[in-house]
Amino acid sequence: KQAYYEGTSKTALEDWPVFSETIANPDPGELQLGYPTGIPTLDDALFGLKGLTVIGGDRGDGKSALCLACCVNAMQAAPQVGVLYYTFQLPKTDLYTRLFCYQSGLTYRQLRNSEKTAEEIQTLSHADVFLQEHVLPRLRVVECLSAEDTADASIDFSRDCSDLMANARVSDVLVVI
């Protein structure tokens with residue numbers, strides 16, 4: 001056991017009996033679950049949002065849409081959570097558009113179409129009310145679209161976090177960068 005905990009085992013095979021014991025007799029306080037993303041397979045893999053989670057991809061792959069969906073679901077599941085979202089590529093308007101599409105379940109084309117059906121109008125109205133009541137009061141979006149903004153963001157991170165906690169009355173903040 002000592003080699004396992006000191007990190008001096010020569011191979012993983014030597015570690016395995018100690019690891020197996022921890023699986024057979026788990027410590028209930030050891031597993032720290034994060035906030036649910038609302039995506040069951042992702043929650044199963046990550047145990048929810050906690051610590052540092054990195055999502056990578058090319059421009060246009062859906063990173064922002066995925067992050068927004070995860071953040072909305074986390075806020076819905078945990079009223080003590082706020083989200084501080086720094087955007088480096090998308091203007092705030094585009095981010096809000098994706099948020100509105102996600103919450104309404106409508107496509108961008110449906111959202112931007114000037115001739116909406118009565119059902120689409122009702123769906124947008126419900127999404128608007130939900131966002132204003134449950135999400136927007138605990139969400140802060142900071143645009144960092146220029147090099148100058150990016151430098152300022154790193155300086156203001158602590159203040160932005162503290163301000164969101166105070167203004168939104170939340171005890172925990174998820175940060176998206």
Side-chain angles (χ1 to χ4, degrees), residues 7 26-106 108 111-112 123-177:
D27 177 359
E30 192 173 297
L31 179 62
Q32 298 294 319
L33 297 177
Y35 297 108
T37 65
I39 304 168
T41 53
L42 193 57
D43 286 335
D44 289 345
L46 301 176
F47 305 114
L49 296 174
K50 63 180 191 288
L52 176 66
T53 304
V54 178
I55 298 174
D58 290 330
R59 188 178 209 130
D61 280 351
K63 298 177 300 295
S64 298
L66 176 62
C67 287
L68 281 171
C70 291
C71 289
V72 167
N73 291 327
M75 285 191 285
Q76 193 170 359
Q80 76 276 17
V81 172
V83 173
L84 179 57
Y85 197 117
Y86 290 94
T87 176
F88 293 90
Q89 293 178 337
L90 292 175
K92 190 185 294 195
T93 302
D94 291 357
L95 208 59
Y96 290 151
T97 300
R98 289 173 190 208
L99 178 62
F100 204 25
C101 285
Y102 171 74
Q103 192 58 48
S104 67
L106 298 180
Y108 178 77
L111 181 66
R112 302 303 297 170
T123 297
L124 289 170
S125 176
H126 288 303
D128 183 55
V129 168
F130 178 84
L131 289 170
Q132 288 193 48
E133 289 180 2
H134 302 287
V135 175
L136 301 178
R138 296 184 285 145
L139 172 66
R140 169 123 194 264
V141 177
V142 179
E143 286 182 324
C144 303
L145 303 178
S146 70
E148 189 175 299
D149 290 340
T150 303
D152 289 345
S154 63
I155 294 167
D156 293 342
F157 170 77
S158 182
R159 186 201 61 191
D160 290 342
C161 221
S162 295
D163 287 352
L164 180 62
M165 290 177 84
N167 294 329
R169 295 184 181 95
V170 295
S171 59
D172 206 359
V173 176
L174 296 174
V175 180
V176 178
I177 298 176

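Everything numeric in this text was worked out from a predicted model, so none of it was measured.
In this structure, the side chains of Y86 and L84 come closer than 4.5 Å at one or more pairs of heavy atoms. Using a 4.5 Å heavy-atom cutoff, the side chains of F100 and L106 are not in contact. Within the 4.5 Å cutoff, the side chain of V135 has no heavy atoms near those of the V83 side chain. In this structure, the side chains of T87 and S64 stay at 4.5 Å or more apart for every pair of heavy atoms. Using a 4.5 Å heavy-atom threshold, the side chains of Y35 and L174 count as touching. Looking at E133 and F130, their side chains never come closer than 4.5 Å, going by heavy atoms from C-beta outward. When side chains are defined from C-beta on, C70 counts as touching I39, because their heavy atoms get closer than 4.5 Å. Counting heavy atoms from C-beta outward, V170 and V81 have side chains that stay 4.5 Å or more apart.
Put simply, the side chain of R169 never gets that close to the backbone of M165: no donor and acceptor are under 3.5 Å apart. Looking at S104, its side chain does come within 3.5 Å of a backbone N or O of C101 through a donor-acceptor pair. The main-chain N or O of E143 is never found under 3.5 Å from a side-chain atom of K92 such that the two would form a donor-acceptor pair. Remark: side-chain polar atoms of N167 are not paired, donor with acceptor, to backbone N or O of L164 under 3.5 angstrom.
With sequence neighbours left out, R98 forms a side-chain hydrogen bond (donor to acceptor under 3.5 Å, both in side chains) with no residue at all. With sequence neighbours left out, the side-chain hydrogen bond (donor to acceptor under 3.5 Å, both in side chains) criterion links D163 to no other residue.
N73 and T37 are not linked by any side-chain donor-acceptor pair at a separation below 3.5 angstrom, with hydrogens and angles left out of the test.
Note that the CG atom of L46 and the CG atom of L33 stand 11.5 Å from one another [nearest 0.5 Å].
Here the shortest heavy-atom pairing between Q76 and R138 reads N-NH2, 4.4 Å.
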